[in-house]
Amino acid sequence: MALGLVASVRAWLPIRSLGAVNVYVHPAGDGGVHLVDSGIYSARSIHDIVRGVRALGLDPRRVERIVATHFHVDHLTGAALIAEATGAEVLLGRRDLEVALAGGDPGEFIDAAIKLFVEHGMPRGEAEEIRGSHPALRAVEAYRALSRLDIKPLAEGDTVRLGETRYRVLEMPGHTPGHIILVAEEEAYAIVGDLILQGITPHVTLHNPQTDPLGDYLSSLERLAALNLKLALPGHREPIHEPASRAMEILRHHQERLEEIIRLLQARGPQTGYQVARQVRWRVRYKSWEEYPPPERFFAMGEALAHLRRLEATGRVEQVERSGATLWRAAG
Ligand SMILES: [Zn+2]
């Protein structure tokens, strides 16, 4: 896909439901190459980018700038390899930089998620199985390499030049705490990472119980819808020609899921997050929880907790402790 001064290259991913990540390539006037997102920390993914850049008549050794829309493995970790080979500068939303790279060892991130899931009722054995199969675990080396680089933080309102295009940075948290999008104001399009996708709803999880990522995400969707963009270039799948209506569709999907969870708590009484995760009718092809592969259980559990936290933040559910377990119940 080529849109004036930006083209996209599809880079392989080991995540079957996504297939590939879109890397947006901008030719800079002097033969340099600027990228948005960078594939996963894997030779196969990087090979796709090298071939794709070359097919556009550009020199992949001349990658000079990489902006990552968010810190997830499929968007950021390829930059560890590309930056090492080319000396390219790497830029990331300031909040994602703090959360994923400036804290403790990147491996601790997964430990914290596992601990939270166990507190919310997931059996320890199941949680450990998830740890072993989490895609971020395979990329811990890449996060370590990235934390040694001098990554530049991007903040709301910054402008960044990629090729011939000036983009405005907007902070759109939710999918990650520091997810950014890049708006080409004159051209009325934006590179949106995983803020909205066609056909699938971006994952929203709870890492830190003090935060309300789904609340952030719903606000970001409303904000995107109000931008009046003609086109959104997403991190996966095809370009989105009516970004506002897709954003509102995803918003309604979460509102329906919030209502489903409230009804479930009203009908069944207090439940752990794990019990909720098992009962929500996720749009998956598995008939029972036992059929879910471990990474899918990880997503379902994180998604259930994000929804419960949203309901708590809006006063509709509350947490209760019962014999050492954390349960959620409908308020009032
Ligand atoms: Zn992604």
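Each ligand, and each atom within it, is numbered from 1 in the order the structure gives. Please read these numbers as outputs of a predicted model, since none were measured by experiment.
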What ring-ring contact (aromatic ring centres under 6.0 Å, His included) pairs are there with at least one residue in residues 312-332, not counting sequence neighbours? His120-Trp328
Testing Thr165, Leu162, Asp158, Thr159 one by one against Leu182 for a side chain to side chain contact (heavy atoms under 4.5 Å, CB included), which residue passes? Leu162
Aromatic ring pairing His179/His70, orientation class (parallel under 30°, perpendicular over 60°, tilted between): parallel
Can you classify the ring geometry of His307 versus Trp282 as parallel (below 30°), tilted (30 to 60°) or perpendicular (above 60°)? perpendicular
Neighbouring protein N, O or S atoms of the Zn ion (ligand 1) [cut-off: under 2.8 Å, no waters]: Asp74 OD2, His75 NE2, Asp194 OD2, His236 NE2
Residue pair Leu231 / Pro243: nearest heavy atoms and the distance that separates them: C-CG, 3.8 Å
Hey, what's the ring geometry for Phe71 with His207, parallel, tilted or perpendicular (30° and 60° as the breaks)? tilted
